[in-house]
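Notes follow once the structure below has been shown.
All figures in this text were calculated on a predicted structure; none of them were measured in a lab.
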Amino acid sequence: MSSLTPLWTILVSLLASVLILLSNKRPNVRETWTFLAAFIKFGLVLSMLPIITEGKVIECSLIQIAPSFDLALRVDTLGMLFALVASSLWIATSFYSVGYMRSLKYKHQTLYFSSFAVCLAATMGIAFSANLFTFFIFYELLTLATYPLVVHNRNEEARKAGRKYLAYTLTAGQFLLVGILWCHFLLPGADFVAGGFLNNHVHGASAILLFLCFLLGFGVKAGLMPFHGWLPDAMVAPTPVSALLHAVAVVKAGVFGILRVTGYVFGPDLLFHSGAGVILMSAAIITILVASLRAMGETKLKRRLAYSTVSQLSYILLGASLFSPFAFLGAVFHVAGHAFMKITLFFSAGAIYAKTHKDTIPELRGLGKEMPITMMAFTLGAIGMAGIPLLPGFLSKLNIALGSIATGQVFIVVVLVLSGLLNIAYFFPIVRDAFFESPEEEKPRSDGWKITWIPLAITGVMALLIGTFPNVFFSFFQLAQMTAFNVFGGY
């Protein structure tokens with residue numbers, strides 16, 4: 001069906017960005033625009049959910065830039081899942097940001113909230129892009145809008161991280177552009193099609209080279225090794241920005257792009273017969289294991305969480321590479337499950353810093369007695385990442401494991417088990433020391449942190465609910481099932 005609702009989900013936060021800038025000298029008004037836009041965006045996305053779960057799609061044609069280069073929007077099950085994740089977590093992040101930024105007295109808060117709004121507009125555009133050209137426009141807009149957030153502190157460390165971020169992501173964008181132009185040459189004006197639109201249009205070495213263009217283009221933001229270097233360095237940004245990078249927008253845009261390419265550009269058949277799937281699988285396995293080992297060596301809490309993200313994102317890539325509907329289902333569901341778990345972990349890290357100014361892991365000993373809600377939420381996120389039942393990580397990994405068994409690639413189960421043990425190795429000592437060890441030397445306390453525990457408690461509970469009742473509220477599991485069903489032509 002045709003509707004302007006997808007367009008409004010983009011425009012509402014762009015309009016809010018302007019209003020936020022105009023409210024520079026009135027912080028309460030500025031933040032009111034943020035909340036208003038976040039709730040309206042979420043309401044618009046939610047209004048489309050019943051239509052999508054009925055098996056329909058929503059389309060919106062915008063403008064033709066050049067022959068066969070159309071800006072067009074299309075809402076399907078995969079895009080709806082991503083949009084629900086981003087729009088719901090923007091609300092939580094907005095509340096968290098107000099408490100965090102005010103308690104630590106950050107400067108340049110107007111630009112912060114305005115850039116955040118533009119990021120969410122770009123994310124909606126990515127989720128609802130009907131074709132590669134539209135996707136590329138919003139994908140690059142997201143890169144530019146995120147830069148002011150990465151360099152928010154305006155010190156040399158932040159500027160260095162910002163330069164590195166742009167160098168990685170803009171270079172990757174050029175590879176992505178080559179891939180898009182190549183696809184345009186092969187099949188001008190093609191929209192995303194479940195099962196892929198490139199079948200019988202590219203073969204052999206050409207298919208491999210084309211896939212590598214997309215893998216380089218999306219793999220940088222997806223944190224795929226060895227293109228992940230910008231991500232840990234970007235942790236110099238305020239914690240809400242780290243939460244945005246890891247759970248809502250940037251890295252999720254990268255893995256979402258790979259899901260689009262594997263499921264809607266190449267398709268499982270071409271991915272299998274060309275050998276491109278083996279390349280993706282190998283890169284994902286290496287990233288899962290090596291990033292987990294790197295996480296164990298980090299003493300800064302946010303950097304350990306960053307390497308955890310690098311590892312966890314590659315579960316999505318692994319599921320997309322296995323030519324199995326179960327594995328693809330697990331990959332898509334992990335987009336949502338990982339988002340709620342990881343944002344809870346980053347919110348917890350930020351709440352700890354806002355109250356105690358502690359940011360290294362040895363300093364967290366005994367903190368469970370002082371900040372029980374925060375550390376309980378952190379524990380939920382940690383055990384979810386390890387794949388413990390009743391949390392989303394278990395459902396994701398279970399379906400990826402079922403897919404690997406169904407396709408005769410049982411060694412993937414070994415990788416998943418080993419990765420889970422590594423997650424336990426780098427997360428559980430933090431939890432143990434927080435609850436069962438004596439605290440480190442006391443540091444000055446801040447009372448302005450209190451509002452930050454409410455969003456992390458909500459996202460922690462949501463992670464538990466999604467893992468226990470995977471279709472609660474947002475039908476994430478149903479959307480993942482429908483996506484896998486469409487990509488694989490029924491199963």
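- In this structure, F378 has no ring-ring contact (aromatic ring centres under 6.0 Å, His included) partners at least two apart in sequence or on a different chain.
- The ring-ring contact (aromatic ring centres under 6.0 Å, His included) check on F35 picks up F95, with sequence neighbours excluded.
- Residues F42 and W90 are not in side-chain contact: their nearest non-hydrogen atoms beyond the backbone lie 4.5 Å or more apart.
- With sequence neighbours excluded, no residue satisfies side-chain hydrogen bond (donor to acceptor under 3.5 Å, both in side chains) with T262.
- By the ring-ring contact (aromatic ring centres under 6.0 Å, His included) test, Y426 is found to be paired with no residue, residues two or more places apart in sequence or in another chain being considered.
- Inspection of the T407 and S324 side chains reveals no N or O donor paired with an N or O acceptor under 3.5 Å.
- Residues F328 and N399 form no side-chain contact, since every pair of their non-hydrogen atoms from C-beta on lies 4.5 Å or further apart.
- Among residue pairs with one or both ends in residues 377-389, none qualify as salt bridge (Lys or Arg N to Asp or Glu O under 4.0 Å); sequence neighbours excluded.
- A distance-only check finds no donor-acceptor pair linking the side chain of R74 to the backbone of E59 [under 3.5 Å].
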Intermediate values then yes/no, side-chain contact (heavy atoms from CB on, under 4.5 Å), L313 and K252
CA-CA 8 Å; L313 290 175; K252 283 298 189 305; 4.3 Å; yes

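- T468 places no side-chain N or O within 3.5 Å of a backbone atom of L465 that could act as its donor or acceptor partner.
- In this structure the side chain of T123 reaches within 4.5 angstrom of the side chain of F82, judged on heavy atoms.
- The minimum heavy-atom distance between L391 and I383, with the atom names listed, is CD1-CG1, 3.2 Å.
- For S308 and K342, the side-chain atoms include at least one donor-acceptor pair closer than 3.5 Å.
- The ring-ring contact (aromatic ring centres under 6.0 Å, His included) check on Y315 picks up H334, with sequence neighbours excluded.
- Checking side-chain atoms of K221 against main-chain N and O of Y139 turns up a donor-acceptor pair under 3.5 Å.
- With a 6.0 Å cutoff to the six-membered ring centre and a 45° limit on the axis angle, R260 counts as a cation-pi contact of F192.
- Judged as a side-chain hydrogen bond (donor to acceptor under 3.5 Å, both in side chains), not a single pair has a partner in residues 176-190 (not counting sequence neighbours).
- Using a 4.5 Å cut-off on side-chain heavy atoms (C-beta onward), L166 and T143 make contact.
- The side-chain heavy atoms of Y264 and V193, taken from C-beta on, include no pair separated by under 4.5 Å.
- The structure places NE2 of H228 at 5.5 Å from CZ of R294, a figure rounded to the nearest 0.5 Å.
- Using modelled atom types, one finds a donor on one side chain and an acceptor on the other under 3.5 Å when comparing S311 with S292.
- What you find for A386 and I424 is that their closest heavy atoms are CB-CG1, 3.9 Å.
- Using a 4.5 Å heavy-atom cutoff, the side chains of L270 and V202 are in contact.
- Residues Y112 and S97 bring a donor and an acceptor atom of their side chains to less than 3.5 Å of each other.
- In this structure, the separation between CG on D191 and CZ on F133 is 12.5 Å, given to the nearest 0.5 Å.
- The closest side-chain heavy-atom distance from L322 to I412 is below 4.5 Å.
- Each of T5, L4, V12 was compared with W8 under the side-chain contact (heavy atoms from CB on, under 4.5 Å) criterion, and only L4 meets it.
- Applying the ring-ring contact (aromatic ring centres under 6.0 Å, His included) test to residues at least two apart or on different chains, the pairs with a partner in residues 267-295 are F272-F323.
- Within the 3.5 Å criterion, the main-chain N or O of V98 finds no donor-acceptor partner in the side chain of E31.
- With 3.5 Å as the limit, one finds a donor-acceptor pair spanning the side chains of S17 and S114.
- R303 is linked by a salt bridge (Lys or Arg N to Asp or Glu O under 4.0 Å) to D233, E298, counting only residues two or more places apart in sequence or in another chain.
- With hydrogens and angles ignored, the 3.5 Å screen pairs a side-chain donor or acceptor of T134 with a backbone N or O of D70.
- Contact check for F256 versus V335: no side-chain heavy atoms found under the 4.5 Å cut-off.
- Panel note: side chain Y96, backbone F347; a donor-acceptor pair is recorded below 3.5 Å.
- Under the salt bridge (Lys or Arg N to Asp or Glu O under 4.0 Å) criterion, the residue pairs touching residues 44-55 are E54-K56, with sequence neighbours excluded.
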When you look at W230 and V250, which way does the side-chain contact (heavy atoms from CB on, under 4.5 Å) test go after all the steps?
CA-CA 12 Å; W230 66 273; V250 177; 3.8 Å; yes

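- Using modelled atom types, one side-chain atom of T287 and one backbone atom of M225 make a donor-acceptor pair closer than 3.5 Å.
- A side-chain N or O of S13 and one of K41 form a donor-acceptor pair less than 3.5 Å apart.
- Judged by distance alone, the side chain of S419 and the main-chain N or O of L416 form no donor-acceptor pair under 3.5 Å.
- Without hydrogens or angle criteria, T309 side chain to L305 main chain gives a donor-acceptor distance under 3.5 Å.
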Quiz: residues 206-219 side-chain donor-acceptor pairs under 3.5 angstrom, not counting sequence neighbours:
none

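- Between the side chain of S129 and the backbone N or O of N131, no donor-acceptor pair lies under 3.5 Å.
- E140 is linked by a salt bridge (Lys or Arg N to Asp or Glu O under 4.0 Å) to nothing, counting only residues two or more places apart in sequence or in another chain.
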